[in-house]
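Notes to accompany the following structure.
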Amino acid sequence: MGADGAVRTGIDAAIGVFDSGFGGLTVMRSLVEQLPNEDFIYLGDTARAPYGPRSIAEVRKFALQGLDHLMDRGVKALVIACNSASSAALRDARERYPVPVIEVVLPAATHALAVTRNRRVGVLCTASTANSRSYDDAFAVATEVALTTQVCPRFVEFVEEGITGGPELLAVAEEYLASVKRAQSDTLILGCTHYPLLSGVISYVLGPGVNLVSSAETCAQSAYSTLTKAGLLRYEPREAVREFLTTGDAHDFRGIGRRLLGGLITDVTTVALA
């Protein structure tokens with residue numbers, strides 16, 4: 001839907017971006033950088049976040065409700081910006097919707113596979129993503145790769161509190177990253193969209209020899225490729241429209257969003273999902 005309230009169709013329609021809450025704003029930032037002429041509608045299900053500790057069935061249900069809402073607004077493509085939601089709902093979404101569906105798991109795994117030198121790859125993720133084994137499935141074709149998966153629930157708390165440094169975070173990072181160090185992984189997937197905001201402390205703990213793969217950046221690259229192949233990419237310079245929706249408190253969303261990503265966040269509207 002455009003700024004004038006008219007429903008857009010085809011190449012003129014917006015791209016819908018769904019996340020469990022705030023973490024997908026890192027994907028949104030990468031999308032805006034790589035697709036500056038596109039309109040976006042971002043929906044964060046903050047009322048029911050975090051998705052990480054929830055069951056796969058519950059995450060699938062919530063994600064499809066959010067994606068249904070975006071489809072009702074006439075989007076031309078869907079981006080599932082949440083690793084947990086991608087892991088739980090991708091197959092259903094691609095069967096359910098007649099538009100391209102872009103996710104975060106496979107693009108990140110593909111990039112990690114391309115850059116690893118010693119074929120040892122780490123994945124930092126939520127419990128829901130780990131339980132889904134979506135990254136194990138993504139690497140199934142590369143049987144020579146040793147995958148180390150580490151669940152990092154407290155990282156989300158630090159990010160949403162705006163904490164990106166300090167002794168407490170450093171101690172937690174040392175604990176979480178110990179398994180990656182022991183495995184001597186030379187490549188690490190930041191498999192939750194909150195985690196790129198902690199890349200500084202993660203790099204500090206692991207050292208410069210470890211490649212960090214942001215699922216946010218690889219998802220945006222996948223979106224560019226998908227839209228180009230589908231003939232849906234808007235490449236003419238224009239003033240794009242970015243709309244932000246949340247299932248929670250709009251004031252809180254705006255405040256945390258601006259603290260995390262600055263001026264990218266403008267007006268926020270609260271919506272209900274069912």
Side-chain angles (χ1 to χ4, degrees), residues 1-7 14-33 35-36 38-54 58-59 61-75 78-85 104 126 128 152-166 168-169 192-200 215-216 219-220 239-274:
M1 186 174 294
D4 57 2
V7 175
I15 298 168
V17 182
F18 176 77
D19 186 67
S20 60
F22 303 100
L25 293 173
T26 60
V27 175
M28 183 71 167
R29 179 172 59 186
S30 293
L31 287 166
V32 168
E33 289 173 352
L35 304 168
E38 298 289 348
D39 294 341
F40 289 96
I41 304 173
Y42 180 100
L43 172 56
D45 189 13
T46 52
R48 300 183 292 195
Y51 280 9
R54 295 184 180 275
E58 195 171 29
V59 171
K61 175 184 174 182
F62 291 169
L64 291 174
Q65 287 175 345
L67 295 170
D68 283 348
H69 186 90
L70 290 170
M71 283 299 299
D72 287 343
R73 289 175 173 257
V75 298
L78 290 166
V79 176
I80 307 176
C82 171
N83 280 260
S84 297
V104 289
T126 66
S128 179
C152 309
R154 291 200 62 199
F155 275 177
V156 172
E157 298 172 16
F158 283 109
V159 167
E160 295 196 357
E161 291 172 8
I163 300 171
T164 57
E168 185 180 3
L169 173 58
C192 171
T193 48
H194 284 76
Y195 300 169
L197 294 165
L198 298 179
S199 58
S215 57
C219 176
E239 185 174 349
V241 176
R242 285 126 199 184
E243 184 178 358
F244 294 89
L245 310 175
T246 177
T247 58
D249 184 272
H251 182 268
D252 289 347
F253 188 98
R254 186 183 302 108
I256 294 175
R258 285 181 173 172
R259 187 168 72 233
L260 295 178
L261 295 178
L264 181 64
I265 306 299
T266 53
D267 292 335
V268 181
T269 303
T270 298
V271 298
L273 300 181

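A quick note: this is a predicted structure, and the numbers were derived from the prediction, not measured.
Annotation: salt bridge (charged side-chain N to carboxylate O under 4.0 Å, His left out) contacts involving residues 262-274, sequence neighbours excluded, are absent.
Within the 3.5 Å criterion, the main-chain N or O of Ile265 finds a donor-acceptor partner in the side chain of Arg258.
Residues Leu273 and Arg48 meet the side-chain proximity criterion, which asks for heavy atoms closer than 4.5 Å. Counting heavy atoms from C-beta on, the side chains of Glu168 and Arg154 come closer than 4.5 Å. Between Arg29 and Leu264, the closest side-chain pair of non-hydrogen atoms falls below 4.5 Å. With a 4.5 Å cut-off on side-chain heavy atoms, Arg73 and Leu43 do not count as touching. Within the 4.5 Å cutoff, side-chain heavy atoms of Leu198 are placed close to those of Thr164. At a threshold of 4.5 Å between non-hydrogen side-chain atoms, the residues Leu25 and Tyr42 count as touching. In this structure, the side chains of Gln65 and His69 stay at 4.5 Å or more apart for every pair of heavy atoms. Considering only heavy atoms from C-beta on, Val32 comes within 4.5 Å of Phe40 through its side chain.
Among all heavy-atom pairs drawn from Ser84 and Ser128, the shortest one is OG-CB, 3.8 Å. Of all heavy-atom pairs between Ala81 and Gly24, the closest is CB-CA, 3.9 Å. Residues Cys192 and Pro196 approach most closely at O-CD, 3.3 Å, considering heavy atoms. Between Val79 and Cys219, the closest heavy-atom pair is CG1-SG, 3.6 Å. Across Cys82 and Tyr51, no two heavy atoms sit closer than the pair SG-CD2, 4.2 Å.
We find the CZ-NE2 distance between Phe158 and His194 to be 13.0 Å, quoted to the nearest 0.5 Å. Atom-to-atom distance recorded for Leu197:CG and Arg259:CZ is 11.0 Å, nearest 0.5 angstrom. Here Glu243 contributes atom CD and Leu70 contributes atom CG; the two are 9.5 Å apart, rounded to the nearest 0.5 Å. Taken to the nearest 0.5 Å, the OG1 atom of Thr266 stands 9.0 Å off from the CZ atom of Arg242. Rounded to the nearest 0.5 angstrom, Leu67 CG and Phe62 CZ are separated by 13.5 Å. Going from atom OG of Ser30 over to atom CG of Leu35 covers 10.0 Å, rounded to the nearest 0.5 Å.
Each of Val159, Val156, Asn83, Thr26 was evaluated against Tyr195; a single residue qualifies, Val156, per the side chain to side chain contact (heavy atoms under 4.5 Å, CB included) test. Of the candidates Thr247, Thr46, Leu245, Thr46 is the only one forming a side chain to side chain contact (heavy atoms under 4.5 Å, CB included) with Phe253.
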Go through Leu31 and Glu38 one step at a time and tell me if the side-chain contact (heavy atoms from CB on, under 4.5 Å) criterion holds.
CA-CA 9 Å; Leu31 287 166; Glu38 298 289 348; over 6 Å; no
Step-by-step side-chain contact (heavy atoms from CB on, under 4.5 Å) determination, Phe22 to Thr193:
CA-CA 8 Å; Phe22 303 100; Thr193 48; over 6 Å; no
